[in-house]
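Remember, predicted model here, so these are calculated numbers, not experimental data.
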Amino acid sequence: MRITFPVKPWLMAGLLVSFVGLDACKQDNTTTVTPTSATVSALNCGSATFSTTAVSGSAYVATATVPYTGGNGTAYAAGTAIASTGVTGLNATLQAGTLTSSSGNLTYSVSGTPSGAGTATFALSFGGQACNLALTVGSPGSGTTTSNASSTVTAIMSVTTSANTSCANSTGVAKLVCLTEAFKATLSSTQLATTQLTYTKANAQKWSNLPASLSSRNGISLGALNATQLAAFRDLMVALLGLGVTGESYDEMLGNLVADDYLATAGGGAGYGAGNYYLSILGTPSPTGLWSILFTGHHYTQPYTFNAGQVTGVTPAFRGVEPASVVTSDSRSYQPFEQERLAFAAMLTGLSSTEQTTAKLSSTFSDLVLGPGKDAQFPATRVGLQVGGLSADKQALVLNAIKLYVNDLEPATAATLLTKYTSELANTYIAFSGTAAVATQNDYVRIDGPSVWIEFSYQGGVIIRNTPHPHSVWRDRTGDYGGN
């Protein structure tokens, strides 16, 4: 027996509409839209530009801008590294972006260390077009790295003398007290509490060669100072360091700050840059009491200790720079530690083969022996070649290397220290590891006297890979932290 149900006409009509609707949805869902590939009608390598020049043997980080026409408005992903030919050692990598519907530019990041001077060629292929991108690589000394100086550096860069006239009639430590108080007067109460600290050994030892993101500092950062405060800071540093010598003293400090600004934009990030250098005042500034100034950051540390109206200590002082090649900013060129490297090379290559054998150490050094955190750990026995046994001209080369550290300071303080170090020169020893040219990673130099201790270490790059950069420390066996 079959049971049937009568179907109303209006129900049949509704069911029919539903089936039609379902079929229509099925058709929409099965329609596939294939994404359009990025295409251009022309790729113009001949009109490409690079953000900075390249120099043989120096680390290179730049962007290349390559024009195109006939873009189809499609997004594209980053590419894979394209190795250079001709001059090797460089790679160009396409950065992700979106084409315009007409003409525009592709951006490639270019990095590495050129193997020589000449032309580095990159075979580019994109959007159905190809062209050869050519980068001219200059000989050493013919090119520079460009840094966009931060407002911090710009504010203190152009100076030929102190702008502070209220302290002009003061001299010696009294003038430094005056300039320190003038700087303090520009600070808010909160900033002053951050800057003015108790004189303790722990506070004096609060320095490092690490960037700010990896090591905290005492004091106030340059990045926290306004234009008026930076001008007062500048006046104080001019009085402490002195002026007038390219690549040394105040100019050397500026070069370190410019180089660190470059690192911030070349991959280092926010932990690098001049704004991350700190000034602290330990103890109460006084022409009779014990107090100190400490200026410290990633690649530059300089303390000044005062007691009983005298400068009693200017060490430990740390210097370093990355990149080691020339850095330009605001039409100024800096290479803040090249003179020291060349002085060490002149000192070592000036030795006879027998003298070099005596001076050469058997160990390999990838960093400083008495760097940050290594206070009062001087070796009991001096090693290497005794300076007193050298001819007068060779002794002069040793003293010249020492002068490049001491003469960073204002003239009166420098003269006192040089008198001491010169009187002790005969009992000073020099030693090295690696090559006497001081041009290769892990080359290391040491000057070790009754008082003076200087180390120079040429080590691998951190942000700019595959090229060495220097670290150096100047200590004094009896004068570190003012002998306190």
Side-chain angles (χ1 to χ4, degrees), residues 152-153 155-183 222 230-259 274 277 279 281 285 287 291-297 299-306 309-321 332-340 342-343 399-422 452 454 472-476 479 482:
T152 299
V153 175
I156 63 176
M157 185 175 288
S158 298
V159 57
T160 57
T161 185
S162 173
N164 184 305
T165 58
S166 62
C167 300
N169 294 326
S170 301
T171 59
V173 173
K175 182 173 184 177
L176 296 175
V177 171
C178 181
L179 290 169
T180 303
E181 291 294 347
F183 170 72
L222 297 190
L230 284 171
F233 162 80
R234 174 201 64 199
D235 290 341
L236 177 58
M237 297 306 293
V238 165
L240 290 167
L241 292 171
L243 293 167
V245 181
T246 301
E248 299 299 321
S249 305
Y250 186 80
D251 192 67
E252 180 178 278
M253 184 198 76
L254 287 180
N256 281 86
L257 298 181
V258 168
Y277 283 66
L279 182 75
I281 302 164
W291 63 289
S292 72
I293 296 170
L294 176 60
F295 180 59
T296 179
H299 267 157
Y300 190 100
T301 289
Q302 183 62 65
Y304 309 84
T305 305
F306 310 93
Q310 302 293 323
V311 179
T312 56
V314 292
T315 58
F318 180 89
R319 300 288 190 270
V321 65
R332 289 283 309 280
S333 294
Y334 300 91
Q335 197 171 12
F337 221 64
E338 181 66 0
Q339 292 180 147
E340 286 80 354
L342 293 175
L399 189 59
N400 182 58
I402 296 173
K403 286 179 179 179
L404 289 175
Y405 290 78
V406 177
N407 284 342
D408 281 341
L409 308 174
E410 56 85 22
T413 301
T416 300
L417 283 167
L418 276 177
T419 297
K420 179 173 71 168
Y421 292 162
T422 301
V452 68
I454 293 173
S472 185
V473 69
W474 167 26
R475 288 183 177 270
D476 191 292

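Side-chain atoms of S292 and T305 form no donor-acceptor pair, as typed in the model, at a separation below 3.5 Å. No hydrogens or angles considered: a donor-acceptor pair under 3.5 Å links the side chains of S472 and Y405.
Across all non-hydrogen atoms, the minimal contact from R234 to A155 is NH1-O, 4.4 Å. Of all heavy-atom pairs spanning L404 and A343, the tightest one is CD1-CB, 3.5 Å. Across Y277 and N256, no two heavy atoms sit closer than the pair OH-O, 4.3 Å. Between L176 and L236, the closest heavy-atom pair is O-CD1, 4.2 Å. Nearest heavy atoms, Q302 versus A317: OE1-CB, 3.5 Å. Nearest heavy atoms, L179 versus D235: CD1-O, 3.9 Å.
Salt-bridge annotation for E252 and R319: present, with a side-chain N of the basic residue lying under 4.0 Å from a carboxylate O of the acidic one.
Contact annotation: the side chain of T152 never approaches that of F233 to less than 4.5 Å [non-hydrogen atoms, C-beta and beyond]. Proximity of L279 to F183: side-chain heavy atoms (C-beta onward) are separated by under 4.5 Å at one or more points. In this structure the side chain of T301 reaches within 4.5 angstrom of the side chain of L294, judged on heavy atoms. At least one side-chain heavy atom of Y250 sits less than 4.5 Å from a side-chain heavy atom of I156. With contacts defined as side-chain heavy-atom distances shorter than 4.5 Å, the pair W474/V314 qualifies. With contacts defined as side-chain heavy-atom distances shorter than 4.5 Å, the pair N407/E248 does not qualify.
Summarising the geometry, atom CG belonging to L240 is positioned 10.0 Å from atom CE belonging to M253; distances are rounded to the nearest 0.5 Å. Interatomic distance, D476 CG to T315 OG1, rounded to the nearest 0.5 Å: 5.0 Å. Distance check: T413 OG1 to Y304 OH gives 9.5 Å after rounding to the nearest 0.5 Å.
With I402 as reference, I454 is the one residue of I454, L417, T422 to meet the side chain to side chain contact (heavy atoms under 4.5 Å, CB included) rule. Checking T312, I293, V177 one by one against F306, the side chain to side chain contact (heavy atoms under 4.5 Å, CB included) holds for a single residue, I293.
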- [ ] For the pair N164 and K175, evaluate side-chain contact (heavy atoms from CB on, under 4.5 Å) and give the outcome as yes or no after the intermediate values.
- [x] CA-CA 11 Å; N164 184 305; K175 182 173 184 177; over 6 Å; no

